Chemist: 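Submitted below is the structure of interest, expressed as structure tokens.
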Amino acid sequence: MMTRMSAMLPINTRGMWIGTFHGLCNRMLRAHHRDAHLPATFQILDVADQLASIKRLLKAAGIDDEKYPPKQVQNFINGAKEEGLRANDVEAHDGFQRRLAEIYALYQDQCDREGVVDFAELLLRSYELLQRHAPVREHYQRRFRHILVDEFQDTNRLQYRWLRLLAGGGAAVLAVGDDDQSIYAFRGANVGNMADFERDFSHPEVIRLEQNYRSHGHILDAANALIENNEGRMGKNLWTDQGHGEPVRVVESLSDAAEAQWVVGEIQALIADGKSRHEIALLYRSNAQSRVLEHTLFSAKIPYKVYGGLRFFERQEVKHALAYLRLMENPHDDTAFSRVVNFPARGIGARTLENLADAARQGNTSLYGAVARVAGKGGANLAQFVGIIDRMRFGTQNLPLPEIVSVMLEDSGLTAHYKLEKEGAERLENLDELVNAAAAFNADEPVDPELQADVLTPLAAFLSHAALEAGDNQANEGQDAVQLMTIHASKGLEFEAVFVTGLEEGLFPHENSILEQSGLEEERRLMYVAITRARERLYLGFAQTRMLHGQTRYPLRSRFLDELPAPALKWITPKVSRVDEASYDRASAWRDSAWPERTRSAPARPAAHQGYAGGSQAGIEVDGQVFSIGQAVEHARFGEGVILALQGSGTQAQAQIRFAQAGTKTLALGVAKLTPR
DNA sequence: GAGCAACGTGTTTTT
DNA sequence: CACGTTGCTC
């Protein structure tokens, strides 16, 4: 972004602060770490680090992690922080919540002791800094006379308050947002910030941007019609003067594999037509869906690039390496310490670590600080580990960053370890890549000259970078490749041709979201985002069978397809490939009956979405008992459930049933004892 | 304490 | 399916 700004503007951009809220808060906290009561070397915990930290805490405090699941504790803490609440401020309505608040307090103590901050803490700390330190606040209020916030609908309450503080000196604020593209409520985003903005900031002026310069008419019509189904919108209607363009293609496939096959075939045709690969995007609801697509693209030798998924800095070996680097920066970082104290294995087992944790608690010190207090063989091994860390710390002080990383990889034993591992080749490559990333990283973020800020070591700056960026931009630059990503990751981007796959109930909208209206509406906004990524050509695909969690599912077509306007659509059924012929009869049988009416009518809001199931039948009879999709049933062991799909007949008949308690199961109807309810 | 096999369990989206 | 946890053996 900085590069692009510099190229576009005739002014010097070096004084501008450009970044995510988290990035800017990090920067501010680095510059004022003393006022923020943080050590100069504070490290950032990503989601996984935070979870590990919580688990460690629960164990140390002897708290039952069955009763207080670490994930839930994590959500509680982050939720509170995003509302600007410290442990003391949390309103607890029952004993359970009171206990959670206590755990929150303990967790915060632990973080403070270790000199680490989680993502939400970056924001909250920075907010408190501005609030409590008038000189700092006034400095930034004077310094930033103009503030622009993009994707404003994705800001949370704390970010909003942070912004108000920062702009409190009368800065001109421009907020750009689209309430229909709010897709991060699940992590605390508050669309209400848009309305609050109009209320709270002086002389608000609202400019509606309704002319769309990106997508052709049919695509916009589809997007507009879909989003109409949401309630409580601020309201807008996109239009274009580019004409209708091509219809939106809706593609039905027999299986997820067949869908991928068809997509790849179509991509080959597009490329043959002269389209660039990087102008073609494959979007999906969840990362797991990329596998089939990747596999098929790979077989077809089409270059592709996957964004997101398991990201570079989140890979196991990279996290191990980062933990060593963190210990070199701050040996009292217990999270990092625990992660690698026995990796590679050095004879330090659970027993020794328990002794160490006890010693640390008694001496009120970090694990690193308590090593000398552990006796015996374990103690000797620990001392050896500390020796390695200290040698790396002091032996690399004046080396350039990439060399620090290289030395660490050798001295820690990571390289040696992965050389011996049979699947270690790729991991070694990633560790090499980490050295490259360090070399490519330039830590010359301009620090405010007016502040006598402590200069970050290049290593500390690199570690922040690793935590905040997670390696999204690691795409092979220059390579013309088809773009694969989740719809979330696609926001803000655009492509000539877009494929959205997996438009199936349970997947998109996701089954965890369909029970509540707010969840369903967020899914719909997600679909809206997906549609509006396309400039000229849009494909929407769904499959009759899909492999999920290792078992085949027979999903219903997504309700969102039924919400699109028929005149903007063109339905396509791919020719059946030889592989799929076996299942073809069944498929065509229902298509003849159920398909045409449903597709043409496209009710604006189907009262009860019953749809059909791909390879599955609408109804089935077994031993005189009739089962149908959507029917409520009861099972002796699993309790109440709803039939999601039916397949086969006679003794082969199976039903996929979603049970309220037991989850989704596939049962043989001839065997399972089901009673209709 | 290490390493392996069996088992169970959840499992969306992310700064 | 893919991960983590548990239990077992050496």
Side-chain angles (χ1 to χ4, degrees), chain A residues 19-26 44-48 50-52 55 65-66 69-71 74-75 78 81-82 117-124 126 150-151 154-156 158-159 181-189 256 283-292 307-311 313-314 316 341-354 376-378 381 417 420-421 464-472 485-491 502 504 506-514 519-520 522-523 525-527 529-530 546-553 662-665:
Chain A
T20 61
F21 277 90
H22 291 85
L24 301 187
C25 287
N26 175 45
I44 301 167
L45 299 186
D46 70 14
V47 193
Q50 185 188 32
L51 194 63
K55 282 181 183 164
D65 62 359
E66 304 257 294
K71 275 257 172 59
Q74 185 177 33
N75 286 336
N78 291 338
K81 287 188 178 186
E82 277 157 14
V117 299
D118 55 56
F119 281 143
E121 186 69 20
L122 284 172
L123 297 170
L124 185 51
S126 172
D150 196 10
E151 304 286 6
D154 291 332
T155 52
N156 65 33
L158 183 55
Q159 289 166 335
Q181 293 193 49
S182 163
I183 54 174
Y184 286 111
F186 73 91
R187 64 166 200 217
D256 47 357
L283 308 184
Y284 34 80
R285 173 68 241 262
S286 62
N287 282 304
Q289 288 168 253
S290 74
R291 292 200 64 184
V292 207
Y307 294 81
L310 50 153
R311 292 130 60 136
F313 286 114
E314 291 169 1
Q316 184 213 118
V341 63
N342 198 35
F343 192 96
R346 343 184 134 80
I348 302 171
R351 266 279 270 305
T352 307
L353 287 178
E354 259 172 54
K377 185 154 153 286
N381 290 339
H417 173 85
L420 289 178
E421 205 173 67
S464 299
H465 168 77
L468 288 171
E469 305 299 332
D472 260 359
M485 66 193 84
T486 63
I487 300 166
H488 282 90
S490 77
K491 191 151 69 97
E504 294 137 32
L507 193 59
F508 193 16
H510 196 276
E511 58 192 358
N512 295 353
S513 305
I514 49 182
L520 184 59
E522 179 147 317
E523 296 285 310
R525 290 191 293 270
L526 197 54
M527 178 71 184
V529 168
R546 183 167 298 271
M547 280 292 278
L548 213 59
H549 319 320
Q551 67 164 303
T552 307
R553 288 206 184 195
T664 304
K665 310 235 177 253

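Source: prediction; values computed, not measured. Below, chain A is the first sequence line, B the second, and so on; all start at residue 1.
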Chemist: Let me spell it out: for each of A:R346 and A:L526, pick the nucleotide of DNA chain B with the closest heavy atom. Which residue's pick is nearer the 5' end?
Modeler: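 The residue whose closest nucleotide sits nearer the 5' end is A:R346.
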
Chemist: Determine whether more than 12 heavy atoms belonging to other residues, nucleotides or ligands lie under 6.0 Å from atom CZ of A:R291.
Modeler: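 No, not enclosed.
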
Chemist: Can you work out whether A:L123 or A:R285 has the more 5'-proximal nearest nucleotide on DNA chain B?
Modeler: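 Closest to the 5' end, via its nearest nucleotide, is A:R285.
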
Chemist: Does a side-chain N or O from A:T352 land closer than 4.0 Å to OP1 or OP2 of B:dG1, or not?
Modeler: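 A:T352 to B:dG1 OP1/OP2: side-chain N or O found under 4.0 Å.
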
Chemist: Check whether the aromatic ring of A:Y184 stacks on the base of B:dT13, taking stacking as ring centres less than 5.5 Å apart and planes within 30° of each other.
Modeler: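 Answer is no, no stack.
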
Chemist: A:N287 side chain N/O closer than 4.0 Å to the phosphate oxygens (OP1, OP2) of B:dT13?
Modeler: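 For B:dT13, OP1/OP2 do have a side-chain N/O of A:N287 under 4.0 Å.
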
Chemist: Please state how far atom CD in A:Q74 lies from atom P in B:dT14, giving the value in whole angstrom units.
Modeler: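 One finds 15 Å between P of B:dT14 and CD of A:Q74, rounded.
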
Chemist: Does A:H510 stack onto the base of B:dT12, taking stacking as ring centres under 5.5 Å apart and planes under 30° apart?
Modeler: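 Here the ring of A:H510 and the base of B:dT12 are stacked, with centres under 5.5 Å and planes under 30°.
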
Chemist: Does a side-chain N or O of A:N156 approach OP1 or OP2 of B:dT15 to a distance below 4.0 Å, or not?
Modeler: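 Checking A:N156 against B:dT15: no side-chain N or O falls below 4.0 Å of OP1 or OP2.
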
Chemist: Taking atom P of B:dT14 as reference, at what distance in whole Å does atom OH of A:Y307 sit?
Modeler: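 Result: 15 Å.
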
Chemist: B:dT14 P sits how many Å from A:Q50 CD, rounded?
Modeler: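 After rounding, the reported distance stands at 17 Å.
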
Chemist: Does a side-chain N or O of A:T486 approach OP1 or OP2 of B:dT12 to a distance below 4.0 Å, or not?
Modeler: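 No, A:T486 has no side-chain N/O under 4.0 Å of OP1/OP2 on B:dT12.
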
Chemist: Determine: side-chain N/O of A:N512 to OP1/OP2 of B:dT13, distance under 4.0 Å, yes or no.
Modeler: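 No, no such contact exists.
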
Chemist: Please state how far atom NZ in A:K81 lies from atom P in B:dT15, giving the value in whole angstrom units.
Modeler: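 Between P of B:dT15 and NZ of A:K81: 18 Å.
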
Chemist: A:L520 has an atom CG; how far is it from atom P of B:dT12, in whole Å?
Modeler: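 Value for this atom pair: 18 Å.
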
Chemist: Strictly below 4.0 Å, N to O, side chains only: are A:E82 and A:R187 in salt-bridge contact?
Modeler: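 No salt bridge links A:E82 with A:R187.
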
Chemist: Could you state the CZ-C1' distance from A:F119 to B:dT15, rounded to the nearest angstrom?
Modeler: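 It works out to 6 Å between those atoms.
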
Chemist: NZ of A:K377 versus P of B:dG1: gap in Å, rounded?
Modeler: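 So the NZ-P distance, A:K377 to B:dG1, works out to 7 Å.
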
Chemist: Look at all strands and tell whether A:N342 reaches a base, only sugar-phosphate, or nothing, counting heavy atoms closer than 4.0 Å.
Modeler: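 The answer is sugar-phosphate, as A:N342 gets under 4.0 Å only of primed atoms, P, OP1 or OP2.
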
Chemist: Do the non-hydrogen side-chain atoms of A:V47 and A:D118 ever get within less than 4.5 Å of each other?
Modeler: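 They are not in contact (no side-chain heavy atoms under 4.5 Å apart), so the answer is no.
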
Chemist: Going by the rule ring pair (Phe, Tyr, Trp, His ring centres under 6.0 Å), which residues pair with A:Y184 if we only count those two or more places apart in sequence or in a different chain?
Modeler: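 Applying ring pair (Phe, Tyr, Trp, His ring centres under 6.0 Å) to A:Y184 gives A:F186, A:H488.
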
Chemist: Specify the closest pair of heavy atoms between A:S182 and A:D154, including all atoms of both residues, with the distance to one decimal.
Modeler: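 Where A:S182 meets A:D154 most closely, the heavy atoms are CA-OD1, 4.0 Å.
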
Chemist: Taking CG from A:D154 and C1' from B:dT13, how many angstroms apart are they, rounded to a whole number?
Modeler: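 From A:D154 CG to B:dT13 C1': 12 Å.
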
